[in-house]
Amino acid sequence: MEDQMRKEIAYAEIAETLKTALDLRGSPVAVKLAKNPDGIPEGVGPIDETVRHCQMITRARLNGEIFYATADKHVCMGGAWALGLKELTPSLRSGEFYYKLGKFESWAACMRTIRQVPHVPELETYATVYAPLEKTPFDPHVVVIVAEPRAMLKLAQTTLYLLGGRIESTMAGIQSVCADATALPYLSGNVNYSLGCDGSRRFSGIEDNELVMGIPAELLPEFARSLPIVTAAPGSVK
């Protein structure tokens with residue numbers, strides 16, 4: 001299989017650390033952006049229906065499913081574009097689509113937002129691959145976590161544990177799971193936090209009291225080392 005890590009990562013152990021320390025509802029989700037058919041892990045089959053990326057995250061997160069999805073299985077145009085599976089439609093590019101949804105004052109305002117949405121180059125991705133982190137049979141590019149604000153606080157503190165500084169996240173209230181939590185960490189190598197979006201909350205079961213974030217997989221070992229320290233710190237809220 002193509003695109004493997006040079007150093008082996010103990011994904012099951014890391015998943016258990018994240019789930020225990022954060023009291024997660026469900027699993028962290030391993031996501032890979034396969035560039036060609038050789039990137040599909042052996043034994044992993046295609047998803048059985050056409051849904052959204054955020055719904056695929058939920059199926060891996062809450063149902064423990066492992067599968068891949070080619071472009072034809074992605075029903076959300078914006079999500080498929082953000083992940084590099086499809087070309088952007090004229091209605092999204094011009095601003096018409098979100099304008100008609102009532103999200104912006106003008107087509108121009110929508111257009112400016114779309115132009116700044118993090119996205120993998122169009123048609124660079126052959127398929128997206130999903131698994132609960134503890135059962136992943138592949139090296140993910142990004143791990144997506146859906147959790148309550150308290151858990152996100154601990155993840156934010158963990159992000160800063162080694163080097164300090166400030167959290168700098170970017171979001172627009174649209175395309176949260178696809179662009180904010182998957183494409184951006186994949187492209188930048190940085191952790192990103194998002195408030196979610198109407199689509200992901202409506203279709204994928206992200207609850208009112210949950211947020212979303214994405215971690216580049218290379219950072220997982222450091223996160224797993226630092227998180228128990230942060231959550232056990234004397235000043236930490238339990």
Side-chain angles (χ1 to χ4, degrees), residues 5 9-33 53-54 56-58 60-62 64 82 118 130-136 139-197 200-201 204-238:
M5 295 277 196
I9 296 178
Y11 296 117
E13 295 179 15
I14 292 172
E16 183 59 31
T17 297
L18 292 169
K19 292 168 74 173
T20 300
L22 301 173
D23 192 25
L24 295 180
R25 182 174 75 95
S27 299
V29 178
V31 181
K32 178 179 181 178
L33 305 183
H53 169 70
C54 53
M56 298 180 196
I57 291 289
T58 295
R61 174 192 170 213
L62 299 182
Y130 306 82
L133 184 61
E134 65 270 18
K135 297 193 298 184
T136 182
D139 287 322
H141 289 120
V142 175
V143 171
V144 176
I145 295 177
V146 178
E148 296 180 352
R150 185 202 65 83
M152 288 296 177
L153 167 63
K154 296 301 141 188
L155 286 167
Q157 292 171 340
T158 300
T159 301
L160 300 180
Y161 178 76
L162 184 63
L163 297 176
R166 302 281 296 179
I167 298 293
E168 295 183 3
S169 284
T170 177
M171 67 191 81
I174 58 172
Q175 297 179 242
S176 63
V177 181
C178 53
D180 296 349
T182 305
L184 181 59
Y186 171 72
L187 292 167
S188 69
N190 297 322
V191 175
N192 198 53
Y193 298 82
S194 180
L195 297 175
C197 61
S200 62
R201 294 188 183 280
S204 70
I206 295 178
E207 297 186 351
D208 289 349
N209 63 336
E210 292 178 322
L211 309 176
V212 61
M213 62 93 72
I215 306 173
E218 297 92 333
L219 298 182
L220 287 174
E222 177 57 33
F223 258 75
R225 182 187 75 85
S226 302
L227 180 61
I229 299 172
V230 167
T231 55
S236 183
V237 175
K238 307 302 181 185

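We count residues from 1, following the sequence as given.
The salt bridge (charged side-chain N to carboxylate O under 4.0 Å, His left out) test applied to K154 returns no partner, not counting sequence neighbours. In this view, E210 and R25, R61 satisfy the salt bridge (charged side-chain N to carboxylate O under 4.0 Å, His left out) rule, not counting sequence neighbours.
One finds the CG atom of L220 at 5.0 Å from the CD1 atom of I14 (value rounded to the nearest 0.5 Å). Atom CD1 in I57 sits 11.0 Å away from atom CG in L62 (nearest 0.5 Å). Atom CG of L24 is separated from atom CD of E16 by 10.0 Å, given to the nearest 0.5 angstrom. If you take CD1 on I206 and SG on C197, they are separated by 7.0 Å, rounding to the nearest 0.5 Å. Note that CE of M152 is 10.0 Å distant from OG1 of T159, once rounded to the nearest 0.5 Å. Interatomic distance, CG of D23 versus OG1 of T231, reported as 11.5 Å (0.5 Å rounding).
Although no hydrogens or angles enter the test, the distance criterion places a donor-acceptor pair under 3.5 Å between the side chain of N192 and the main chain of T170. S176 contributes no side-chain N or O that, together with a main-chain N or O of S194, makes up a donor-acceptor pair within less than 3.5 Å. With hydrogens and angles disregarded, a donor-acceptor distance shorter than 3.5 Å links the side chain of T182 to the backbone of V177. In this structure a side-chain-to-backbone donor-acceptor pair under 3.5 Å is missing from H141 to Y186. Y193 places a side-chain N or O within 3.5 Å of a backbone atom of L155 that can act as its donor or acceptor partner.
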>> Applying side-chain contact (heavy atoms from CB on, under 4.5 Å) to V212 and V144, what does each step give before you reach the verdict?
In response: CA-CA 7 Å; V212 61; V144 176; 3.8 Å; yes
> How far apart are the C-alpha atoms of V143 and T136, what are their side-chain angles, what is the distance that settles it, and do they pass the side-chain contact (heavy atoms from CB on, under 4.5 Å) test?
Replying inline: CA-CA 11 Å; V143 171; T136 182; over 6 Å; no
> Can you list the steps and then say if S27 with K19 is a side-chain contact (heavy atoms from CB on, under 4.5 Å)?
Replying inline: CA-CA 7 Å; S27 299; K19 292 168 74 173; 3.6 Å; yes
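The shortest side-chain heavy-atom distance between M5 and E218 falls under the 4.5 Å cut-off. At a threshold of 4.5 Å between non-hydrogen side-chain atoms, the residues L227 and L22 count as touching. V191 places a side-chain heavy atom less than 4.5 Å from the side chain of P216.
Here the shortest heavy-atom pairing between A82 and P118 reads CB-O, 4.0 Å. Between A156 and I167, the shortest heavy-atom contact is O-CD1, 3.7 Å. The two residues K32 and P140 come nearest to each other via the heavy atoms CB-CA, 4.5 Å. When all heavy atoms of G214 and V142 are compared, the closest pair comes out as CA-CG1, 4.2 Å. R201 and L211 make their closest contact through NH2-CD2, 4.1 Å (heavy atoms, listed as atom of the first residue, atom of the second, distance). Across all non-hydrogen atoms, the minimal contact from L219 to G189 is CD1-O, 4.0 Å.
Annotation: E168, atom CD; neighbour count of heavy atoms from other residues, nucleotides and ligands within 6.0 Å does not exceed 12.
Shown are V230, L162, T158; of these, the side-chain contact (heavy atoms from CB on, under 4.5 Å) with F223 is made only by T158. Of the residues listed (M213, M171, Q175), the one engaging D180 in a side-chain contact (heavy atoms from CB on, under 4.5 Å) is M171, and it is the only one.
Screening residues 220-230 for salt bridge (Lys or Arg N to Asp or Glu O under 4.0 Å) gives E222-R225 as the qualifying pairs, with residues at least two apart or on separate chains.
Classification of the Y130-H53 ring pair by plane angle, with boundaries at 30° and 60°, yields tilted.
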